[in-house]
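As structure tokens, the structure follows; a few thoughts come after it.
Chain A is the first sequence line, chain B the second, and so forth, proteins listed ahead of strands; every chain is numbered from 1.
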Amino acid sequence: MAKVLMKGNEAMALAAIEGGCDAFFGYPITPQNEIPEYLSRHMGEKGRVFVQAESEVAAINMVYGAAGAGARALTSSSSPGIALKQEGISYIAGSELPCVIINVMRGGPGLGGIQPSQADYNQVTKGGGNGDYHLLAFAPENLQETVNIIKESFDLADYYRNPVIIAVDGLLGQMMEPVDLEAAPKTEDAKEKKWAADGNSDREGGRNVITSIHLDPLELEQHNLKLKKKYDEMRAKEQRYEMIETDDADIVFVAYGSMARIARSAVKTLREEGIKVGMIRPVTIWPFPEKAFDELSKSVKTLLTLEMSLGQMHEDVRAANNGRFQLDFYGRTGGVVPEPEEIIDHVKRMLEKEGSS
Amino acid sequence: MAKVLMKGNEAMALAAIEGGCDAFFGYPITPQNEIPEYLSRHMGEKGRVFVQAESEVAAINMVYGAAGAGARALTSSSSPGIALKQEGISYIAGSELPCVIINVMRGGPGLGGIQPSQADYNQVTKGGGNGDYHLLAFAPENLQETVNIIKESFDLADYYRNPVIIAVDGLLGQMMEPVDLEAAPKTEDAKEKKWAADGNSDREGGRNVITSIHLDPLELEQHNLKLKKKYDEMRAKEQRYEMIETDDADIVFVAYGSMARIARSAVKTLREEGIKVGMIRPVTIWPFPEKAFDELSKSVKTLLTLEMSLGQMHEDVRAANNGRFQLDFYGRTGGVVPEPEEIIDHVKRMLEKEGSS
Amino acid sequence: MNTKTVYEPTKGLTEREFHYCPGCTHGIIHKLVAEVLVEKGLLEKSVAVASVGCSVFSYEYFNCDAHQAPHGRAPAVATGIKRVRPDSAVFTYQGDGDLASIGTAEIVHAAHRGENITVIFVNNAIYGMTGGQMAPTTLIGQKTTTSPFGRDKTLTGEPLRISEMLATIPGAAYLERVSVHDPKHIRKAKKSIEKAFDVQMKKQGFSMIEFISTCPVNWGMNPMESIEWAKENMIPYYPLKVFKDKTKGDNDE
Amino acid sequence: MNTKTVYEPTKGLTEREFHYCPGCTHGIIHKLVAEVLVEKGLLEKSVAVASVGCSVFSYEYFNCDAHQAPHGRAPAVATGIKRVRPDSAVFTYQGDGDLASIGTAEIVHAAHRGENITVIFVNNAIYGMTGGQMAPTTLIGQKTTTSPFGRDKTLTGEPLRISEMLATIPGAAYLERVSVHDPKHIRKAKKSIEKAFDVQMKKQGFSMIEFISTCPVNWGMNPMESIEWAKENMIPYYPLKVFKDKTKGDNDE
Amino acid sequence: MAKGRIIINEDKCKGCDLCVHHCPVDILALDTSRTNKKGYTPLMVTDPDKCIACAFCAMICPDNVITVERFSKS
Amino acid sequence: MAKGRIIINEDKCKGCDLCVHHCPVDILALDTSRTNKKGYTPLMVTDPDKCIACAFCAMICPDNVITVERFSKS
Amino acid sequence: MNEEKVIIAGFGGQGVMLMGQILSHAATIADLNTTWIPSYGPETRGGTANCAVTIGKERINSPVVSVPDSLVVMNQPSLDKFQKKLKKGGVLIANKSQIPDADYRDDIKVYEVDANKKALEIGNLRVANMVMLGAYIAATGVFSQDEMFAVFEQIFTGKKSELIDLNKQALEAGIQAVGNRVS
Amino acid sequence: MNEEKVIIAGFGGQGVMLMGQILSHAATIADLNTTWIPSYGPETRGGTANCAVTIGKERINSPVVSVPDSLVVMNQPSLDKFQKKLKKGGVLIANKSQIPDADYRDDIKVYEVDANKKALEIGNLRVANMVMLGAYIAATGVFSQDEMFAVFEQIFTGKKSELIDLNKQALEAGIQAVGNRVS
Ligand SMILES: Cc1ncc(C[n+]2csc(CCOP(=O)(O)OP(=O)(O)O)c2C)c(N)n1
Ligand SMILES: Cc1ncc(C[n+]2csc(CCOP(=O)(O)OP(=O)(O)O)c2C)c(N)n1
Ligand code: SF4
Ligand code: SF4
Ligand code: SF4
Ligand code: SF4
Ligand code: SF4
Ligand code: SF4
Ligand SMILES: [Mg+2]
Ligand SMILES: [Mg+2]
């Protein structure tokens, strides 16, 4: 298929349909409204479910119900709306249900603003809900990658029986870019979900129950260890990242999402000027791609984390770095989208300092 | 005053009253119910406010209102209830209001169980809400310390105009221990809050507005940088921790809260057996006491993180360690409270492995 | 002499013994719902949605597919299930703390959307599971652990009447308040549950049966005293009646 | 010839110009509330609680202390303020998405507790700020960005009537629905606001004035067409009346 | 003459007394001389001959303790 | 004769037309020949002599554009 | 006095929590360190309940008692669950009235008390716990009768002060009963 | 073709978003890479709106345009805000109808178009944006008239297809208007 020009939010909505999404439950919030709006127009014609819930809390719990009944369920929201979903997300993870969550991030805290931001890194990767759980978290950098990941995310959610979250900043939600909806691998059809509580208890194996409760601590611990196994599998298999001109780099950027795109421009310009920079671009932000850091050659001098936040991912970079290289950080926050020139300037200042010291 | 035997939750409630808490808003949840129950009996007689809210979401927003009107406001809850408060907490931090939040942690994820747990470390320290904000987070290990901290927390909240969270596990909430309510430094009276929107707009300086909104990204960024200054000040001034027999230790535990108490027993026993163990006990978990790690002598071999979770604080230990020492982890989860013997066994296994390798 | 069994434990419940306190009417209500599911042939296609409250484990008892929901969110969870499995029989089982307090928005909007689900609402005027705190349904003067001097109207308002409130919502098709304080009322209550599931299966909209129930332990009474107290104090404030019956035309709107 | 000013911009509003779209009736409602605060001498002791919706910046306009609340939570924020500052005049200003959807639990329970606050509820049958999505108050057949084929009763139920619903709650002391589609109704609406604040200051309980309002931009009409549409379509479904007036005894319960 | 009889699943009984109060012919009581597995004083029938098989006891029993059988002639 | 007059704060006007429709004596119109600072065609009075100072226009104006004065004899 | 760690267990409703709290109260009055921890279940009744008390001169670290010095069991399930944890040579006080299958370890000191019966003799089954508590202090010597009485005066106040005498009687009955050491 | 970065700015309601989207559509049809980003404000009206379009053969990294190659401004505030960002030698298309205080840099190429007037001549003020778009393609040569027409056919479908002719006329008028380069 030829590429079509689409708005990020609409492309994500369409990708979800292509990914086999059976049901969407959401609540309006800027800058992701085109997702529910698109789905309200198109889910019905495909015999699928679209419900505008009374709140984000209700929406995530509708997802919980639909997922428990075996459907491929989706919700989308933006930063404060995601905060409201935290309890529900924790339940879904605890009950081992698949679902897909899209977070089109904006500036915070509180109501903050509605411009693009990456200040939800913590709430997305560390879990804002209670308990020992994790989400498989993707942070794509362009619409094609976003579309591919969303299609795949339904399979991954089913495979792990765990929520998958796609965190894009508002810029990706609002921008337009040509995408090829068929470029992505064809999504598998949902396998039969023998565990689903869908009102067929005369099935072989008897009735099904969806719950996150294990009152006996030893039982709950076993359950947590079972979950941990999945997380360990994700850590082993799902760390995704791109190494960009890192081979001979002195300075390696670490950046994801829109920030990575902007940083790519900076890499190009700096390379043109003979400054050896490269980039690790995390595609998954949980599991954090620690493997990428092991691939770096010893000659690297500094890792420069670039974020549209005050340094939330930087903590993970620190941990992954484990004392190996020097660390530096440059970030903008509050919805400010930095320009490549700022990064270039920052790098030059770094080099000057080094030179002078 | 003589020590009195009190249940943890009741001691916390009383400490809040002593700390000058003007208003409590909460919603029942095990294992912290004795806090609201105690306050429902005693706030009225002091002319203070007790409201059982319709939900945790409403409770944190009542706190938001009361704090904005200049009152010393408190809420308490337990793990899933804290998850529901995340949006509100983000607003309070964004609006720079003081308040105190108590989290009596239980096992998760989801409903999980109601036994003691530390699996909310992430949701307490990394912020489950949206945006670049932090809570000042304490994790005391016994009732006396808890009482002292709660009394102080109202002052700290006022000083920083930021929420303070006290995270204790269910064990501390449910246990009894003698406490001296006057041992703690006298709490300062709340200073006049000139910024409060309390319905006195004929004040000098005109009307007051409480908001977290800054639609202009550059303005929101400035606001975020202003918040960051406070967080930096907290990082500089509020890192609290205890170094226990670390001077000559080969193995240094890192543990907080009930786990630290239990680990103390293990330290004692192991020392008696001639094994040189010590402990870093974080009292603040945000800011994480990185300074403690800098105090360690080079002779330390291994840091052993001990947690009632699957290793949430361990990530911060990794980052703070920055590649210096070997790392190990032992944890129980799901509400299991480990016994000192388990830790002792783990240490002995560690030593054996070392010996054999 | 031959015998004919006129009453036996229903197959609609599992073998698991209830964890409810002695004399707690949660058990009676469970039995009624389960009997109706069996008698209407709905059991196999049912999905029970357990809430958070003493009935949190009702998923262990109802002998059908089940889903445990976060506190107050059962109607949303049920909505998710019903929308993707429209031919199943979906019901929630919720206490008054769950439904009338934290879950207010979810119950109002399930009714508002005319969601084809059935709600079993167990009103015992208290938070049972957490040890007896005040609920929105607690009566004036009633002592609870968070209204230790008796519920005070000036500080906490007067008890919320949920059925009356939901009756104002067009999407609510069948609403009735019943009691299980004696065999006569138990029989009547069962009929009401039947009606509610009929409404659901005919896709006529949202149905809810509110039960006056007891909490002997947290009311500080023995089971018989509790039943009497419910009869004498709750029913006058919470009258037993049909608040909405759309099968008879849009009344009460 | 001397002149007497018979109408001028009220001191109850700041100098800041409204950001509302041309002809949006939010502006009229702002003026009325501000006028009442000034005329009753309440302005200096007032705390306005702005919600999330087009009126999110109302804290920039009301010339008194103000607090911006998370989406739907204004009644909870107002409760926090009023409880610690019982002599202040606390009011929320909320849209229908804010109050009738996400904030359902908070509004119901502010009424339930009989909280002494005043709620200004602006019902424009749509989510204005976010670009025109369906609200619980959207009329059947009305097209919005999330009901692109018109609101369908079978999928989304029939519109929620909030004043009617809250009228069932004992703690609600004064409830009225008004409109601002012409000067006569504007005058009447102002009287209603006065009444609501009187009720609050006399600590008689919860008061709310619901306004039929417009959203020319998202309705896809010009301002005059919007006013006509509101009059012809909204008022028949949302009748203008006093739903509760406890100052005249406990009616409507 | 008894019209029927009740069968008591004794170990499920929680001794709540509700059935006792609702038997129209007043032939039920708790056996206070002993406790069942759960530690409760269980239900007993004091005068089986009077049972009218009305099932009131079973209906009100919250814990599924009672089965009721009616005697038929044929 | 005019009973009063209105004063228009022209740059606040958003040209919504509501006042125009509600003037009982029909003396208001938008001036389509020009735009104000905000870019809207602002309100103007077509026949000031007819104003009855009823303030309807001011009441319905959402943007605080209009002040109304009544003439008094003394 | 060395550190004393005791677990007290029984059915919910038998008053085991209060027994432990009384010990911790006594310790507090005596200016000793002490911790009391309950096992708290979901708020549904039935099943066993227990608490663990630690008393000592020194700071108490772990309040969790893995190897108790003493054990007070009010019923069979509690015996079955906890006997194995008791330290070698430790003291076990068993409520004979509710323990049909007594099968005691032989490396511990066992005292059987017919607490339900004694309580009924005194006139109220509910003070069986105080009978057991009396037996416990007598068998271990952790506290004196007077120290216990002092706690009663402190915690049974207001309307509850009527209960003081009854509880004192029960405690005394328990103290006298410890003669019955079985092994 | 080198990478072309253009910012298009005006009042909300002047159709600046659509102008940018049409350029990105044309690029997509031509199998070029392109990004379009809006400035999205709160959903309250008034104020300025703008979008930034990048078009190029190579992969586009940053979609954010800090130094545009070209600038299309529909009103005075947009000129004031963006002129300084335009790269040296860049192309500026200005809507003369709404720019009273024209004060242009002298290191750029400026084309003034009386777009409102032209649009009114054609019969609809709302196509002033297409006039400007025509001027833009003529001045820069980024796309041909036919390429634009192709986009019109693609995006104005159904009821909107009535608008095609009107827009074509406006575009042509704009193309013809670029004669008026002022500096
Ligand atoms: C989010 C959340 N808040 C609070 C709780 C604690 N909680 C458990 S049950 C319950 C109240 C139950 O009362 P009700 O719904 O009346 O049921 P009952 O036990 O009386 O049958 C509460 C507040 C929880 N589990 N989750
Ligand atoms: C938690 C949360 N969810 C969603 C939003 C997005 N949001 C902002 S305003 C709004 C709806 C406003 O509609 P309404 O209350 O009717 O006010 P109106 O704009 O129509 O006056 C929504 C959904 C938000 N800011 N926060
Ligand atoms: S606590 Fe109350 S509601 Fe819960 S099971 Fe016991 S008696 Fe029933
Ligand atoms: S979007 Fe609608 S409600 Fe909001 S200001 Fe504009 S017209 Fe008014
Ligand atoms: S069946 Fe009727 S008569 Fe027989 S025991 Fe039961 S209640 Fe009594
Ligand atoms: S009602 Fe049931 S549980 Fe209660 S006493 Fe009778 S048989 Fe036992
Ligand atoms: S005051 Fe009355 S008559 Fe005069 S312009 Fe206004 S509406 Fe017309
Ligand atoms: S009502 Fe006000 S804003 Fe609207 S046209 Fe008249 S003066 Fe202008
Ligand atoms: Mg209840
Ligand atoms: Mg609205």
Side-chain angles (χ1 to χ4, degrees), chain D residues 1-35 54-55 61-63 122 124 179-190 211 213-217 221-228 230-231, chain F residues 1-32 35-45 48-74:
Chain D
M1 202 153 34
N2 286 329
T3 60
K4 205 186 122 210
T5 301
V6 292
Y7 193 103
E8 65 185 335
T10 170
K11 294 273 170 293
L13 293 172
T14 63
E15 297 284 289
R16 187 86 162 227
E17 288 181 22
F18 294 147
H19 67 287
Y20 300 112
C21 308
C24 173
T25 42
H26 265 304
I28 305 177
I29 301 165
H30 275 46
K31 287 196 307 178
L32 292 180
V33 173
E35 284 166 12
C54 280
S55 59
Y61 308 133
F62 291 115
N63 201 1
V122 180
N124 60 4
S179 175
V180 292
H181 64 270
D182 63 23
K184 192 180 113 210
H185 284 85
I186 291 172
R187 239 182 232 134
K188 188 143 184 288
K190 189 166 166 187
F211 289 80
S213 192
T214 64
C215 180
V217 163
M221 300 173 193
N222 72 36
M224 238 352 261
E225 286 165 1
S226 302
I227 289 235
E228 289 298 322
K231 198 163 79 186
Chain F
M1 261 314 303
K3 295 212 180 114
R5 66 165 179 223
I6 68 170
I7 302 159
I8 302 170
N9 190 341
E10 196 183 284
D11 278 335
K12 284 175 103 178
C13 178
K14 292 179 183 160
C16 74
D17 228 22
L18 291 185
C19 55
V20 176
H21 278 84
H22 285 90
C23 174
V25 294
D26 218 6
I27 57 170
L28 299 178
L30 298 185
D31 183 351
T32 48
T35 53
N36 64 6
K37 248 198 205 160
K38 284 205 179 76
Y40 297 111
T41 51
L43 176 65
M44 65 178 182
V45 185
D49 280 356
K50 288 199 187 146
C51 178
I52 57 173
C54 65
F56 282 10
C57 54
M59 271 198 269
I60 204 137
C61 172
D63 286 281
N64 271 310
V65 174
I66 304 169
T67 301
V68 184
E69 292 178 350
R70 181 183 294 278
F71 301 143
S72 55
K73 297 277 150 61
S74 67

How close do [X] and [Y] get, counting heavy atoms only, and between which atoms?
X: F/Ile60; Y: D/Asp182; value: CD1-CA, 3.9 Å
X: D/Phe18; Y: F/Lys14; value: O-NZ, 2.9 Å
X: F/Met59; Y: D/Tyr7; value: CG-CE1, 3.7 Å
X: D/Pro22; Y: F/Cys16; value: C-CB, 3.7 Å

Check against side-chain contact (heavy atoms from CB on, under 4.5 Å), F/Asn64 and D/Leu13:
CA-CA 10 Å; F/Asn64 271 310; D/Leu13 293 172; 3.3 Å; yes
With a 4.5 angstrom heavy-atom cut-off, could you sort out which part of D/Lys31 is near chain F: side chain, backbone, both or neither?
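The answer is the side chain of D/Lys31.
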Tell me, for D/Val180 versus chain F, whether the close heavy atoms (under 4.5 Å) come from the side chain, the backbone, both or neither.
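Backbone of D/Val180 only, per the 4.5 Å heavy-atom cut-off to chain F.
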Treating F/His22 as the side-chain partner and D/His181 as the backbone partner, does any N or O pair qualify as donor plus acceptor under 3.5 Å?
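Yes: the side chain of F/His22 pairs with the backbone of D/His181.
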Looking only at heavy atoms and a cut-off of under 4.5 Å, which of D/Gly23, D/Gly27, D/Cys24, D/Pro183 has the most pairs with chain F?
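Of D/Gly23, D/Gly27, D/Cys24, D/Pro183, D/Pro183 has the most heavy-atom pairs under 4.5 Å with chain F.
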What residue, out of D/Ile227, D/Thr10, D/Ile186, has the most heavy-atom pairs lying under 4.5 Å from chain F?
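Result: the option with the highest number of such pairs is D/Ile186.
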My understanding is that only residues two or more places apart in sequence, or in another chain, count here; which of them pass side chain to side chain donor-acceptor pair (under 3.5 Å) with F/Lys12?
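Listed in chain order: nothing, the list is empty.
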How long is the straight-line distance from CG of F/Asn9 back to CD of D/Glu8, given to the nearest 0.5 Å?
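Between atom CD of D/Glu8 and atom CG of F/Asn9 there are 12.5 Å.
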Could you tell me the separation between the CG atom of F/Asp63 and the NE2 atom of D/His30, rounded to the nearest 0.5 Å?
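Here the rounded value is 10.5 Å.
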Test F/Leu18 against D/Met224 for side-chain contact (heavy atoms from CB on, under 4.5 Å), laying out the working first.
CA-CA 6 Å; F/Leu18 291 185; D/Met224 238 352 261; 3.6 Å; yes
Can you tell which part of F/Ile7 gets under 4.5 Å to a heavy atom of chain D, answering side chain, backbone, both or neither?
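For F/Ile7, no heavy atom lies under 4.5 Å from chain D.
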If you define the side chain from C-beta out and look only at heavy atoms, does anything of D/Pro9 sit under 4.5 Å from F/Thr67?
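A side-chain contact under 4.5 Å exists here.
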Count the heavy-atom pairs under 4.5 Å between each of F/Cys57, F/Ala58, F/Cys19 and chain D, then report the option with the highest count.
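Maximum pair count with chain D is reached by F/Ala58.
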